[in-house]
Amino acid sequence: MSATVGVAVFPGTNCELDSIHAVESLGGNGKILWHSSKNLAEVDAVIIPGGFAHGDYLRPGAIARFSPLMSAISDFANNGGPVLGICNGFQVLTESGLLPGALQKNKGLKFLCKTVEVCVVTENSTLTRNAVKGAKLSLPINHFEGNFTCSNETLDTLLEQDRVVLRYCDNPNGSMNDIAGICNETRNVVGIMPHPERACDSLLGSEDGKILFDSLLGSN
Amino acid sequence: MRRFQESLLGTGLALGVSLLFSVFVDVSLRKGIADPAGSTIERSLPTLGFSNVRDVSVGKTIRFVIEAENEKEAHEKVETICSTFLTNPVIEEAGITIENLEQAEGN
Amino acid sequence: MRRFQESLLGTGLALGVSLLFSVFVDVSLRKGIADPAGSTIERSLPTLGFSNVRDVSVGKTIRFVIEAENEKEAHEKVETICSTFLTNPVIEEAGITIENLEQAEGN
Amino acid sequence: MDDSLHRALGLTDEEAKKIGDILGRKPNPLELAMYSVMWSEHCSYKSSRLHLSRLPTSAPWVLVGPGENAGVIDVGDGIAVAIRIESHNHPSAIEPYQGAATGVGGILRDIFTMGARPIALMDSLRFGSLTDARSCWIAEGVVSGISGYGNAVGVPTVGGEIDFDPTFQGNPLVNVLCLGTLPRDRLVLGQASGIGNLAVLLGAATGRDGIGGVSVLASAGFSDQGDIEKRPSVQVGDPFEEKRLIEACLEIFDSNLVVGIQDLGGAGLTCATSETASRGGVGMDVDLSAVPQRELGMEAHEIMISESQERMLAIIEPSNLERLFEICNKWEVNANVIGRVTKGNKLRILDHFEGNVLAEIPASSLHDDAPIYDRPKKKPESKKSVLNENIKVSDDPTSDLLSLLSDPSWVYNQYDHQLFLNTVVGPGCEASVLKLRDPVNGFETNNGLAISTDGNHRWCAVDPRVGTKLVVAEGLMNLACVGAYPLALVNCLNFGNPENPEVMWQLSESIDGMAEACEAFGIPVVGGNVSLYNESSGVNISPTPVIGMVGKIDGLYRRPPGFELSEGNRLVLLGPNDVGLGGSLLSALHGFETEELIDVNFQTHQDLADLVRSLVSDGTIDGIHDLSAGGLGVALAEMVAKSKCGVSVARIPDVLTFFGEGPSRVLVSVHPESVNDLLSRAEGANIPTTRLGLVGGDRFTVKGLIDVPKETVDSAFVTHLPNALGAGTVSS
Ligand SMILES: Nc1ncnc2c1ncn2[C@@H]1O[C@H](COP(=O)(O)OP(=O)(O)O)[C@@H](O)[C@H]1O
Ligand SMILES: [Mg+2]
């Protein structure tokens, strides 16, 4: 039976169809979750995709986190449901407290859209269970605020608990500890800055994102 | 805007006259948090011919007008808005300045 | 920063002691210019449970320390930095506050 | 009324008289203001219209030609493509970030007005020299503005151009192209019809944006100059509002709710209401009190002329109003009924429906009766050629080459170029290639679209007619290099002051050159934009027609070859060896003024394009680059900089051959086993070939001219822009 993945849409979100496309190309079903809805219906996993929820005004994710949908996603996550935040989705997850830290403006103060190499740091997360620790993946990034920042104590905790999921091979944005993605303590909520949905088609240049979606689809 | 004025009117009639406060929120990065915007400006200034500038930091401001029964209530409201919404406490802190608008106009 | 301190030292030795000023620049959009960030925040506040807030506008601040012979020179320098680099006067205006750091420390 | 008011509004005495004749009375100030904006150069094309009519515009696949908001062509599979290019040069010169951002916003609205979903943007940029601080500030701001708006609105910027030249100092060029797809049978046109139908204003509130010259009408009068100066002439874009507007409009189209729709651009409500009414042959009543206003106390002329961004005017039947409100509500888009379609042909501006009439004008007179000028033209005196055979072209080809290299990735890495998962070839190659998908369900057709923007002010300064032909030819060859054949062309004509007869001559020559090339290649012109008065301190820019060309790839199953070179491959130059220094990058570098510009032979060019297309489609070649600005030298170095190995090249007799520029030349890299196949196919197509050398090693070697480590080339290429522009734009 194929997994149904709910894809959150706030006004300003723009990667929802791309995420659904990637999920469906790997045999899953994608389903739009509108920001004002109060429940998730029957989904096996949730993706909060990239884009500019509420225009990224004030701070990326600052307004989106108050939506009824985010309460429902919080409940889902707290019950162990797999949740993946990609780019703007990662920002929403940190703003809503489901993941620690914050994503600041890139060190170079420029928006960055390019393909980077990241390294799989742990296999122990809903997103990387099918991947191999140490593997290098070519994934596109596309953000202005991707510079992961947290207190030193938080960083220590993340490292101690093996919660860094992906790390940049060549840090493009100034992220602490080269962090490209992290997970929560129960490892079912993952936030990453790179866009794996943009790397699922050889005609577009890379298929390295497939392994991540495979993990997510098989994680329930 | 029209909607607000109506709601204001409604409140005034029902609950006694409430006051308007002008609010200035000055959001800055917490000490110790890297400030990419500040360092970029600091780096650029010498090449533009401005030397002898240092410790540049960049923040943002949010100004608005709020309605409340009295200054204390206004302060409480603004503080909640700041800590839950206008700032991200992981990296930011806020200074709040509140002024009673009617008083201000009286000057 | 190191370069700055060296130059400071250099100046001090060569030209007499120069002063340090702490600068606060408050940049806001000129009246009549659309403020999408402000209006988006204003629109979203009621759904976050904060009613009775209006006229929201968003601006930015730049804080830094500048070295100058005296307060007048500091003011002139800061004004040039503001109008040529920190703001575009076509859409923004800046409020400048300058404080003599040594005096401030004396308080 | 002050008799000189029309002059203060920029209307000539004759134009004012014509308005009086149309109305049969003296216009009031509001009416005069409406005519003044609609009859401006920007809205009426009064200097260029006469000449534009010489461009070929039809082909069996053209669904909508010039004149509507965008051109539309049929690309098969039940899909149509809408395309348009527009300039935002002047706003970008004052406020680079917002000027460029609102340029993006404006071109997007032109596309979704047609019922199409915008799927790609391209930007063609020109700035003053990189050694000029203000030009750098403008360049950084413009790129950030395109990035800030395009990325947030959620439309990828898949390619473009950037160039620097002192001619653009003080007057940058910011041209933005947008392409959208729609189901063929869902074209929406910008017209009103059906007496009693409603005009609904969608989107942002109206402020005093872009009132510009019309602010002389402010009731404060001339006495309060200070206040007038404070009126914002710059608009601020809101990509979030536009994103919601796009989604709401597309859902409204899907639900079949509109009779017509029109975006609000130049001249705001005046243009949108009069244009929809006159296209539909009806009249319209407009209730100003129903227009949501951002500021208090706006006057009638301010509301009618405001260029506030992110607004659309939809014409709908009253029975569809509820449904439209529901959709707008869902997307948090404001919608207000501000007008009614009426019998007759009058556009009436009212302070309230059933209230006072503030203006009453025949709607079509604002467009159809706009003046058309046949301005005087004069060919400039020939410049003496300072270059003859005795002058040494270059002492140091290595340093010349290195200073001509510039990697635009500093620009396009700031643009989301991958959204929608269509981008097979993004920025950084000859042309961008997109998957062609069904716009309704996203299904792949296995075909592709290719787009390219091209312009070359150096060629056009030498000879605007031949230069423009060369630019069109380059667009065609760029498409061929990714395996595409051309379907349509849009253009943006960036010229100086048309009241200068030499500028008028340039414009006319350029249009003739474009017409000639388009006829020869069978490419219809489906839209364009004319930007005049590009001058600063009285100096006109070099003529800069920019063309955007869209083409199709039938059967897109493999990635087209890029610039990348593979070790062991052979380098072959296809095409003639006729080159010169006229309008070349090398001439610009050394300040040579030359008259010679090598004309394009349409037949040779077409034959080469056909050959290239087939070599690309069947995978015969691994790497390709057409020769353009900078000639063979720059093309070769760019390929090396994008590869992991160097080259070793011979058979380049001199510097002229290395840097000279001429049409119909393409450099390819082929596997040794395919060389014979390549050569014989070229011979069959009557295309000359030159075997240049091989790919490999870690040096860039051109026998007798240059021998440097590959890293020297790489680093010149990648550091050029970041070094010059690294200071960082602060405002965002
Ligand atoms: N302003 C820009 N925006 C986006 N892409 C750009 C820009 N400038 C250049 N590029 C990319 O770099 C490629 C090379 O640019 P250019 O040297 O102008 O190409 P060519 O001379 O072959 O037409 C372009 O095809 C385009 O994809
Ligand atoms: Mg080219």
Side-chain angles (χ1 to χ4, degrees), chain B residues 1-5 7-8 10-12 15 18-29 35 37-69 73-74 77-78 80-82 84-86 95 97 101, chain C residues 1-8 10-12 18-29 35 37-39 41-69 73-74 77-82 84-86 95 97 101:
Chain B
M1 191 105 72
R2 189 148 346 136
R3 182 127 48 90
F4 173 74
Q5 281 160 346
S7 77
L8 183 61
T11 326
L15 297 171
S18 55
L19 303 173
L20 291 182
F21 296 88
S22 126
V23 182
F24 176 66
V25 180
D26 174 12
V27 181
S28 54
L29 286 171
D35 178 2
S39 2
T40 302
I41 294 179
E42 187 158 333
R43 248 196 342 267
S44 323
L45 279 168
T47 64
L48 299 167
F50 306 109
S51 49
N52 300 344
V53 174
R54 67 170 181 192
D55 295 351
V56 182
S57 67
V58 173
K60 65 185 158 201
T61 59
I62 301 113
R63 291 177 160 84
F64 53 90
V65 171
I66 195 168
E67 184 195 350
E69 296 281 313
E73 198 205 54
K77 278 187 173 186
V78 173
T80 322
I81 296 179
C82 275
T84 56
F85 178 50
L86 295 181
T97 316
L101 264 189
Chain C
M1 193 103 74
R2 180 135 6 119
R3 181 130 50 91
F4 173 74
Q5 280 159 349
E6 277 159 21
S7 79
L8 184 61
T11 326
S18 55
L19 302 172
L20 291 182
F21 296 88
S22 122
V23 182
F24 175 67
V25 181
D26 173 14
V27 182
S28 53
L29 285 170
D35 179 2
S39 18
I41 294 173
E42 181 163 335
R43 245 198 343 266
S44 65
L45 278 166
T47 61
L48 314 183
F50 306 111
S51 48
N52 299 342
V53 174
R54 67 169 181 191
D55 294 350
V56 181
S57 67
V58 174
K60 66 181 170 199
T61 59
I62 302 110
R63 292 177 160 84
F64 53 89
V65 171
I66 196 168
E67 182 197 350
E69 296 281 314
E73 196 204 57
K77 279 187 172 183
V78 173
E79 252 155 39
T80 323
I81 294 179
C82 274
T84 59
F85 180 54
L86 296 180
T97 317
L101 265 187

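Per chain, numbering begins at 1; letters A, B, ... match sequence-line order.
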*What is the distance from atom CD1 of C:I66 to atom CZ of B:F50, rounded to the nearest 0.5 Å?*
8.5 Å

*Measure distances from C:L48 to the heavy atoms of chain B and classify the residue's part below 4.5 Å as side chain, backbone, both or neither.*
side chain

*Looking at residues at least two apart in the chain, or sitting in another chain, which of them share a side-chain contact (heavy atoms from CB on, under 4.5 Å) with B:S57?*
B:D35, C:R63

_Top contributor to chain B contacts, counting heavy-atom pairs under 4.5 Å, from C:V56, C:V25, C:T80, C:I41_ = C:V56

*Please look at C:S22 and chain B and tell me whether the side chain, the backbone, both or neither of the residue comes under 4.5 angstrom of a heavy atom of that chain.*
neither

*Determine whether C:D26 and B:F24 make a side-chain contact, defined as any pair of heavy atoms from C-beta on separated by less than 4.5 Å.*
yes

_Heavy-atom closest contact (C:K60 atom, B:T61 atom, distance)_ = N-OG1, 3.9 Å

*Looking at B:V27, B:I81, B:L45, which makes the most heavy-atom pairs under 4.5 Å with chain C?*
B:I81

